[in-house]
Every structure is written in structure tokens, then in C-alpha cells.
Amino acid sequence: MLTHIKQVANHVGESVRLGAWLYNKRSSGKIQFLQLRDGTGYIQGVLLKKNVSPEVWEQATTLTQESSLYVDGTIRADDRAPSGYEMDVTGIEVIQEAEEYPISLKEHGVEFLMDKRHLWIRSRRQAAILRIRSVIISAIQDWLNGQGFTLVDPPVLTPSSCEGTTNLFHTKYFDEDAYLTQSGQLYMEAAAMALGRVYSFGPTFRAEKSKTRRHLIEFWMIEPEMAFVEHEESLQIQESMLSHVVNHVLKSCKTELEILERDTSKLEKVTGSLPRITYDEAVELLNREGMEFTWGDDFGAPHETKIAESFDQPVFITHYPTQIKAFYMKPDPTRPEVALCADLIAPEGYGEIIGGSQRIDDPKLMAERFNEHELSQEDYAWYLDLRKYGTVPHSGFGLGLERTVAWICGLDHVRETIPFPRMLNRLYP
RNA sequence: UCCUCAGUAGCUCAAUGGUAGAGCGCCCGGCUGUUAACCGGUAGGUUGCAGGUUCGAGUCCUGCCUGAGGAGCCA
């Protein structure tokens with residue numbers, strides 16, 4: 001039986017066996033320190049020359065970085081250890097003496113590390129990020145499941161564009177053309193009419209030539225869709241979901257956030273309701289701040305950053321002009337030139353992490369929108385059916401997982417939030 | 001697609017137009033509490049590619065390739 005490093009506190013004074021990799025080694029003539037990791041944690045193995053057999057001592061001196069080992073030894077509490085525990089090593093069984101490991105403990109450049117991404121994820125920092133990503137995913141799913149949402153998986157291969165705006169990855173579906181999904185939303189609307197409150201969690205593909213710290217070609221979205229939920233209630237659901245996620249990560253990922261040196265005081269401010277600003281107010285704010293901006297234009301990244309800087313939490317920008325938003329968004333009945341929609345902009349320049357809206361439920365208006373946007377009513381007959389057979393008010397939103405992870409972790413690029421990022425110029429490994 | 005910046009040892013980087021160097025890593029030696037340990041030594045180079053200017057180019061010029069982060073687009 002192997003003991004996990006995470007559990008060593010329960011084995012003080014006991015002789016245990018670890019399965020581990022050697023991530024670093026220091027030696028000083030008659031004492032050797034083995035830095036061990038096993039995926040659950042880190043511990044230092046100590047060998048004193050006078051206390052171990054010559055064979056074990058000799059074995060330890062030849063070990064290379066990232067060699068795989070079974071290590072036997074006794075667990076001891078020690079104030080000098082960062083984790084509070086050390087292991088007095090009594091035996092080492094080498095599974096494999098690793099070849100010269102390319103990633104040293106010194107600095108490396110982005111291109112080098114991305115080429116070695118399959119090894120880079122072994123590093124303490126990258127492993128911490130991936131662990132937080134996992135916790136964020138399960139926090140979202142736990143919260144949604146607890147609120148009566150049903151997980152529904154929309155297709156990845158689709159016959160045509162869902163929104164018709166962005167570039168899709170084209171492929172063949174036998175003799176037909178097919179595209180990788182850029183959003184499951186339209187299918188989720190169908191699912192909401194069947195199951196009430198639903199959400200999807202899956203990959204999304206955008207063949208955009210975007211090349212910034214906020215963009216991936218393949219990224220993961222959570223897309224809830226809710227029947228009988230109108231704009232205001234949707235916003236409340238979004239803010240309580242997000243604050244649940246942030247609080248859960250703060251509670252259960254203390255070690256990981258420390259490794260990342262995240263300033264958690266900024267996250268602790270996310271406690272419930274989030275600030276809101278209408279598009280109109282945002283335009284005023286920009287003009288007041290000296291940025292020229294005309295009502296009716298869409299915000300660019302610098303505008304979003306400027307707006308977000310005025311708040312210390314994520315902020316909803318609501319009621320965008322109907323003209324610049326997606327065809328399915330419901331116009332505000334009291335003011336049809338703006339839509340019942342909201343983007344949630346994260347602080348610290350992380351950009352939009354949620355985009356959502358109430359959807360058009362009126363079949364006539366939806367038909368008009370199809371004409372305006374020159375969408376094929378034939379191709380989308382199934383979607384228009386949803387407005388013919390018992391249409392109801394409904395709302396939904398999409399949360400970009402990687403931007404959310406980047407913000408919570410305080411990273412300067414989304415490429416570190418996903419195990420194997422797909423980016424412009426990056427399909428390997 | 002556009003703008004800006006970069007490419008020199010395995011890695012991170014130096015080098016007025018004038019003999020290509022350092023730190024780390026590898027290898028060898030030393031050190032009884034190291035925390036990216038430290039100290040000494042060895043090896044390691046088609047300066048991204050192709051042209052051009054020059055007595056002489058890592059350095060200047062032209063083209064190309066690769067990468068970076070920003071714009072647009074978006075989550």
C-alpha cells in the first residue's frame with residue numbers, strides 16, 4: 001500500500017512507502033535532500049549518510065530530476081519543512097532513472113514551455129491552476145444541480161452556424177458540410193422547453209485569428225438556459241452562481257492560491273450581488289473619462305477595461321443597443337432599441353466572462369429577425385418550432401471557463417488555464 | 001488581416017561594426033539542514049533562413065520564416 005503525500009500528517013512516526021517523482025535534489029557531502037512530489041503534494045526526503053546503507057546512499061546520489069521512485073521512510077514532523085513534515089528515507093526503489101529533464105527550475109520562455117506543455121503541467125504552479133480549474137467546474141455543477149438544473153449535452157458537430165457571425169471550423173460529415181460548435185445555446189433553448197432549467201458544459205470552437213491573452217481557439221463554456229426566467233432573475237442567478245464559485249475556491253483551494261500568490265482580498269469582495277451599469281451609463285462613463293465613444297457602437301477591449309476599472313468586482317453591463325447584439329435577444333418592451341441582455345466584465349482586465357440575455361419568445365418577431373439577418377428559416381426550422389409549440393419567456397447565459405479560471409487564479413494569460421491550449425499557431429502537443 | 005517587439009550554447013540572457021561571453025542545467029570534484037542551496041572544474045556555438053553593404057556583420061540594409069501581445073472579433 002502506498003501512502004499519499006497529502007495524507008502524511010496521519011502517519012507521523014510510521015514507516016510508509018510513497019510513489020513519487022524527484023523534482024529536485026540538494027546534497028551536502030553527508031546529507032541529501034530529495035524533493036518529492038506524487039501529484040497530491042510535496043515532501044522533502046532526508047538521507048543522512050551515517051544512517052542509511054551505502055547502497056541507498058549511492059542510489060540517491062545518482063538520481064536525476066523527474067526520476068520515478070518508490071521511496072520508503074519514516075514520517076517526521078519538522079518545523080523547518082514548509083509543509084510541516086519530512087520523511088527520513090530508508091530505501092529507494094528506482095522505477096526509472098529519467099533522461100535529462102528539459103525543464104529546469106530556472107526561468108523559461110513561453111514558446112519553450114508551450115512546446116513542453118506535457119511536462120510543464122508537472123510544475124507546482126501549473127498543477128495548482130489545473131486543480132483550481134477542476135474545483136471551479138465542480139463548484140459550478142454542484143451549484144446548478146442544487147438549483148434544479150439538468151445537465152444536457154448539445155452536439156459538437158453542427159450543420160451550420162448558430163449565430164452566423166464568427167468563423168467556424170469546417171469539416172465533412174460524410175457527404176455533407178459540418179462545423180464544430182461555437183455555442184450550444186440554440187439547442188439548450190430546445191432543452192429548456194423540455195426540462196425547464198438546463199445547462200451544458202463542453203468545448204467550443206472559434207476559428208478566429210485572435211491573438212491575445214484572453215483568447216483560445218478551443219475553450220469550454222457553461223451555458224445555462226432557463227424556461228420561465230426573465231432578464232432580472234437571470235442576472236440574480238448569475239451573480240449567486242459566481243459568488244458561490246468564488247467562495248468555494250477561496251475555501252477549498254487555499255494552498256493552490258498561495259502557490260499562485262493570488263491576492264485573495266480582491267476575490268473576497270465577491271459576496272452576493274454584483275454592480276450593474278447600463279450601456280447608456282457606460283457610454284457616459286467613457287465620455288466622462290475622456291474616451292470618445294458614440295452611442296450605438298460596440299465596446300472594444302480598451303473600453304471594457306476602462307469600465308471594469310471603475311469597479312472592484314465583476315460588473316454587469318446591461319441593455320446594449322439591439323442593433324449590435326445577437327438576433328435572438330429580446331428587445332426591452334419599454335424601450336425596443338435596447339435588448340434585455342448583460343455582459344459580465346471581470347475586474348483586472350480579464351474581459352467578458354459571461355454573456356447572456358432574455359430570448360425572443362414571440363414567433364413573429366423571431367421571423368422578422370431571421371429576415372433582417374438573412375438567416376435561413378429552412379435550416380433553422382427546428383429552432384423556430386420552439387416558438388410555435390408553447391413558447392414561454394426564457395433566458396440564458398454562457399460563462400467562459402478559461403477566462404473565469406484566469407481571473408480567479410490571477411493569471412496573465414488564459415493559455416495556462418487549460419491543460420493543452422489550442423491557440424493560433426499552437427496545435428502541439 | 002493590421003500594428004509593435006523579439007530570434008545568439010539544452011534553458012534564460014550579454015556582447016560601440018573589430019578575438020562570441022555569463023548564469024543555470026548536464027558531467028566531475030568539495031561541503032552535515034539545504035529551500036530555484038552553495039563553492040571549484042570540464043564539455044557545450046552554422047548568432048532563425050537567404051541575399052546585400054563593408055577591409056571586417058551577432059550588430060547596418062532588403063526579403064522571408066518563427067514566436068510574443070495588442071487591434072479587429074469574441075467568452
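We name chains A, B, ... by the order of the sequence lines, and we start the count at 1 in each one. The model shown is predicted, which means the values in this text are computed figures rather than measured ones.
Checked against B/C24, B/G72, B/G33, the side chain of A/Gln44 finds its nearest nucleotide in B/G33.
In this structure, A/Tyr187 has its ring center closer than 6.0 angstrom to the ring center of A/Trp382. Residues A/His170 and A/Tyr179 bring their aromatic ring centres within 6.0 Å. You'll find the ring centres of A/His319 and A/His231 inside the 6.0 Å limit.
For the segment residues 4-23 of chain A, no residue has any heavy atom less than 4.0 angstrom from an atom of RNA chain B. Within residues 277-288 of chain A, no residue has a heavy atom under 4.0 Å from RNA chain B.
Proximity of A/His215 to the phosphate of B/A75: no side-chain N or O atom is located under 4.0 Å from OP1 or OP2. Contact between the side-chain N/O atoms of A/Arg76 and the OP1/OP2 oxygens of B/G33 is not found at any separation under 4.0 Å. The phosphate of B/A68 has OP1 or OP2 within less than 4.0 Å of a side-chain N or O from A/Lys211. Put simply, A/Arg214 has a side-chain N or O that comes within less than 4.0 Å of OP1 or OP2 on B/A71.
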- Note on the structure: Here RNA chain B, pairs taken as Watson-Crick or G-U under 3.5 Å and shown with ( ), [ ] when crossing and | when to another strand, reads (((((((..((((....[..))))..((((.......))))......(((((..]....))))))))))))....
Identify each donor-acceptor pair in which a side-chain atom of residues 122-136 of chain A lies under 3.5 Å from a protein atom, sequence neighbours left out, and give them as a table.
from: A/Arg122; atom 1: NH1; to: A/Glu66; atom 2: OE1; distance (Å): 2.8
from: A/Ser123; atom 1: OG; to: A/Trp120; atom 2: O; distance (Å): 3.0
from: A/Ser123; atom 1: OG; to: A/Gln126; atom 2: N; distance (Å): 3.4
from: A/Arg124; atom 1: NH2; to: A/Tyr23; atom 2: OH; distance (Å): 2.8
from: A/Gln126; atom 1: OE1; to: A/Arg117; atom 2: NH1; distance (Å): 2.9
from: A/Gln126; atom 1: NE2; to: A/Glu416; atom 2: OE1; distance (Å): 2.8
from: A/Arg131; atom 1: NH2; to: A/Gly39; atom 2: O; distance (Å): 2.6
from: A/Arg133; atom 1: NH1; to: A/Glu402; atom 2: OE2; distance (Å): 2.9
from: A/Arg133; atom 1: NH1; to: A/Thr417; atom 2: O; distance (Å): 3.0
from: A/Arg133; atom 1: NH2; to: A/Glu402; atom 2: OE2; distance (Å): 3.3

Side-chain donor-acceptor contacts of residues 292-306 of chain A below 3.5 Å, not counting sequence neighbours, with atom names and distances?
from: A/Trp295; atom 1: NE1; to: A/Asp280; atom 2: OD1; distance (Å): 2.6
from: A/His303; atom 1: ND1; to: A/Gly300; atom 2: N; distance (Å): 2.9
from: A/Thr305; atom 1: OG1; to: A/Ala301; atom 2: O; distance (Å): 2.9

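Taking the ring-ring contact (aromatic ring centres under 6.0 Å, His included) definition, one finds that A/Trp57 meets it with nothing, sequence neighbours left out.
Among the protein residues, A/Phe219 comes within range of the nucleic acid bases, having at least one heavy atom under 4.0 Å from a base atom. Among the heavy atoms of the strands, none lies under 4.0 Å from A/Leu399.
Side-chain contact between A/Val46 and A/Ile31 is present, with heavy atoms from C-beta onward closer than 4.5 Å.
Counting only N and O atoms by type, the side chains of A/Tyr328 and A/Gln185 include a donor and acceptor under 3.5 Å apart.
Positionally, the nearest nucleotide of RNA chain B for A/Arg426 lies more toward the 5' end than for the other of A/Asp343 and A/Arg426.
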